[in-house]
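Start at 1 and go down the list; that is how both ligands and their atoms are numbered.
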Amino acid sequence: MKDHVVVLTGAGISAESGLSTFRDAGGLWERYRIEDVATPEAFARNPELVLDFYNQRRRQLADVEPNAAHRALAELEQTHRVTIITQNVDDLHERAGSTNVVHLHGELTKVRSSEHLHLVYDRGYDEIRLGDTCEQGTQLRPHVVWFGEAVPMIEQAAEVVPLADHLLIVGTSLQVYPAAGLVELVDFDVPVTVIDPGEVPAMTRAKVFREPASVGVPRWVQDMISR
Ligand code: BV8
């Protein structure tokens with residue numbers, strides 16, 4: 001039976017593809033206030049501002065490519081069972097070839113009805129305009145989890161983490177909950193590795209490689225494959 005590698009990823013794994021992280025210098029939250037663009041209240045108050053914020057990010061996806069870290073995780077599926085639990089709303093894991101990706105906070109390439117949560121549609125990299133509606137006539141919104149909204153995939157993720165033979169944490173500051181709480185669910189005897197050039201409040205027993213994902217992840221994967 002192939003070992004099961006569970007990977008928790010955040011904005012840092014997509015940084016070298018050219019997508020801004022949130023909290024780093026020059027990050028999204030330096031240019032926008034969460035309460036203006038990433039809450040249901042913000043959407044009710046100023047839907048155009050919110051739609052524009054996500055239209056820009058969706059459009060940008062068309063101009064970027066997966067990097068060596070995304071590709072290495074896809075390659076690892078040849079020798080291991082891999083589950084990627086990502087906080088990212090970009091589609092770079094799938095474009096790199098990963099087949100088992102759980103999007104905790106939604107997906108930019110999908111839109112949904114703002115009232116009928118089950119009405120979800122593919123949008124590719126196209127924009128949403130005010131007045132674009134679902135088949136029930138309600139305004140479309142980005143299929144992402146805003147702050148203060150429930151995280152529907154958290155149960156599924158919480159069932160997978162305890163099944164890990166290895167936990168790899170890449171490019172997340174572990175500041176946002178309940179996602180950050182997942183790392184506590186790994187068994188005490190399971191090896192935990194963190195790849196992040198910055199300060200990350202990871203578990204004391206984690207092996208930390210303070211380097212960019214495009215360097216640390218391919219090397220970690222080669223090490224796993226060659227074992
Ligand atoms: C909820 C989608 C209740 C939208 C996102 C407990 C304690 C405190 C607060 C809370 C709590 N529980 C809940 C809260 C409130 C809140 C929260 O966590 N607030 C934080 C700010 C304190 N959580 C919520 O609101 C959640 N919902 O609790 O609902 C509920 C329950 C039931 C029913 C109804 C309601 C919803 C949270 C999800 C919000 N949506 N994204 C969008 O993308 O626009 S969160 C978004 O921000 C991302 O998805 C991600 O999760 C987070 C950003 O974090 P990271 O990805 O880690 O990125 P960051 O920039 O922080 O760090 C980058 C890292 O990469 C750094 O470490 C850096 O060093 C590293 N790096 C940089 N370059 C590289 C690199 N690494 C490798 N290589 C490189 N080259």
Side-chain angles (χ1 to χ4, degrees), residues 7-43 49-58 60-61 64 66-73 84-93 101-112 117 128 141-155 157-158 168-184 193-202 206 208-220:
V7 190
L8 181 63
T9 68
I13 199 169
S14 297
E16 295 162 272
S17 293
L19 296 181
S20 302
T21 65
F22 291 74
R23 284 175 178 73
D24 293 318
L28 280 173
W29 298 149
E30 264 194 9
R31 287 176 275 145
Y32 299 88
R33 293 177 338 132
I34 287 179
E35 52 273 23
D36 293 342
V37 292
T39 65
E41 296 76 19
F43 189 61
L49 177 69
V50 172
L51 290 179
D52 181 53
F53 174 66
Y54 286 98
N55 285 342
Q56 278 181 49
R57 291 172 62 191
R58 194 176 304 105
Q60 190 192 12
L61 273 187
V64 300
N67 62 56
H70 299 105
R71 294 194 297 273
L73 293 177
I84 296 177
I85 300 171
T86 188
Q87 298 165 72
N88 300 343
V89 293
D90 67 54
D91 60 351
L92 297 180
H93 281 303
V101 183
V102 177
H103 282 272
L104 284 178
H105 297 159
E107 300 173 67
L108 263 179
T109 57
K110 293 183 179 160
V111 299
R112 74 162 185 263
L117 299 189
I128 313 175
R141 58 161 278 178
H143 182 54
V144 298
V145 177
W146 284 326
F147 288 90
E149 291 188 320
V151 179
M153 301 305 286
I154 199 70
E155 277 82 24
L168 175 65
I169 302 168
V170 184
T172 176
S173 63
L174 297 172
Q175 300 292 309
V176 171
Y177 287 80
L182 289 170
V183 300
E184 309 304 330
T193 304
V194 173
I195 297 172
D196 190 311
E199 284 295 326
V200 175
V208 179
F209 294 95
R210 295 200 54 189
E211 55 200 354
S214 68
V215 174
V217 176
R219 198 199 56 255
W220 188 84

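More than 12 heavy atoms of other residues, nucleotides or ligands sit less than 6.0 Å from atom CD of Gln56.
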Exercise for review: Check step by step if side-chain contact (heavy atoms from CB on, under 4.5 Å) holds for His105 and Val151.
Suggested key: CA-CA 7 Å; His105 297 159; Val151 179; 4.2 Å; yes
Review point. Please walk me through it: do Thr39 and Val50 pass side-chain contact (heavy atoms from CB on, under 4.5 Å)?
Key: CA-CA 9 Å; Thr39 65; Val50 172; over 6 Å; no
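The proximity of Val200 to ligand 1, defined as any non-hydrogen pair under 4.0 Å, is limited to the side chain. Both the backbone and the side chain of Ser173 come within contact range of ligand 1, each with a heavy atom under 4.0 Å. Both the backbone and the side chain of His105 come within 4.0 Å of ligand 1, judged by heavy-atom distances.
Not one N or O of Ile13 is nearer than 3.5 Å to an N or O of ligand 1, by distance alone. Residue Phe22 places at least one N or O, backbone or side chain, under 3.5 Å from an N or O of ligand 1. Inclusion of Asn88 in the set of residues having an N or O under 3.5 Å from an N or O of ligand 1 is not warranted. Below 3.5 Å of separation, one finds no N or O of Val170 facing any N or O of ligand 1. Considering backbone and side-chain N/O of Glu199, none are found under 3.5 Å from N/O of ligand 1.
In this structure, the protein non-hydrogen atom closest to atom 21 (C) of ligand 1 is Arg23 NH2, 3.7 Å. At the top of the distance list for atom 33 (C) of ligand 1, counting protein heavy atoms only, stands Ala150 CB, 3.5 Å. In this structure, atom 52 (C) of ligand 1 lies nearest to the protein heavy atom Val176 CG2, 3.6 Å. Among protein heavy atoms, the minimum distance from atom 58 (O) of ligand 1 is reached at Ala11 CB, 3.6 Å. Looking at atom 73 (N) of ligand 1, its nearest protein heavy atom turns out to be Ala15 CB, 3.9 Å. Of the protein's non-hydrogen atoms, the one nearest atom 74 (C) of ligand 1 is Gly12 O, 3.6 Å. Ranking the protein heavy atoms by distance from atom 69 (O) of ligand 1 puts Asp196 OD1, 2.7 Å first. For atom 72 (C) of ligand 1, the closest non-hydrogen atom on the protein side is Asp24 OD2, 3.3 Å.
Listed by number with element, the atoms of ligand 1 under 4.0 angstrom from any heavy atom of Gly198 are 69 (O). Listed by number with element, the atoms of ligand 1 under 4.0 angstrom from any heavy atom of Ala213 are 77 (C), 78 (N), 79 (C). Residue Thr21 approaches ligand 1 through these ligand atoms, each under 4.0 Å from one of its heavy atoms: 60 (O). Per-residue contacts place Glu16 under 4.0 angstrom from the following atoms of ligand 1 (heavy atoms of the residue considered): 78 (N), 79 (C), 80 (N). Atom numbering of ligand 1 starts at 1 in the shown order; those under 4.0 Å from a heavy atom of Gly10 are 56 (O). Counting the atoms of ligand 1 from 1 in the order shown, those under 4.0 Å from a heavy atom of Gln87 are 48 (C), 49 (O), 50 (C), 51 (O).
Nearest residue to atom 7 (C) of ligand 1 from Tyr32, Tyr177, Trp146 is Tyr177 (criterion: closest heavy atom). Among Gln175, Arg210, Glu149, the residue whose heavy atom sits closest to atom 22 (C) of ligand 1 is Gln175.
By the 4.0 Å heavy-atom criterion, Gly148 is counted among the residues contacting ligand 1. The closest approach between a heavy atom of Val145 and any atom of ligand 1 is below 4.0 Å. Ligand 1 is approached by Pro197 to a heavy-atom distance shorter than 4.0 Å. For Arg57, the heavy-atom gap to ligand 1 drops under 4.0 angstrom.
For atom 15 (C) of ligand 1, the nearest protein heavy atom lies 4.0 Å or farther away. Atom 9 (C) of ligand 1 is never approached by the protein to below 4.0 angstrom, counting heavy atoms only.
A 4.5 Å side-chain heavy-atom check between Asp91 and Glu107 finds every atom pair outside the cut-off. You'll find the side chain of Glu211 reaches within 4.5 Å of the side chain of Arg219, heavy atoms only. Side chains of Asn88 and Leu19 form no contact here, defined as non-hydrogen atoms less than 4.5 Å apart. Residues Thr172 and Val200 are not in side-chain contact: their nearest non-hydrogen atoms beyond the backbone lie 4.5 Å or more apart. The shortest side-chain heavy-atom distance between Phe147 and Val176 falls under the 4.5 Å cut-off. At a threshold of 4.5 Å between non-hydrogen side-chain atoms, the residues Tyr54 and Ile128 do not count as touching. Residues Leu104 and Val145 form no side-chain contact, since every pair of their non-hydrogen atoms from C-beta on lies 4.5 Å or further apart. Residues Leu73 and Val217 are in side-chain contact: their nearest non-hydrogen atoms beyond the backbone lie under 4.5 Å apart.
Remark: Glu149 pairs with Arg141 by the side-chain hydrogen bond (donor to acceptor under 3.5 Å, both in side chains) rule, at least two apart or across chains.
From Ile195, atom CD1 reaches atom CH2 of Trp220 across 7.5 Å, with rounding to the nearest 0.5 Å.
The closest donor-acceptor contact from the side chain of Asp196 to the backbone of Val170 lies at 3.5 Å or more, if one exists at all. With Glu16 contributing its side chain and Ala68 its backbone, the two residues share no donor-acceptor pair below 3.5 Å.
Taking the centre of each ring, Trp146 and Phe43 come in below the 6.0 Å mark.
Asp90 and Ser14 share a donor-acceptor pair across their side chains, judged by distance under 3.5 Å alone.
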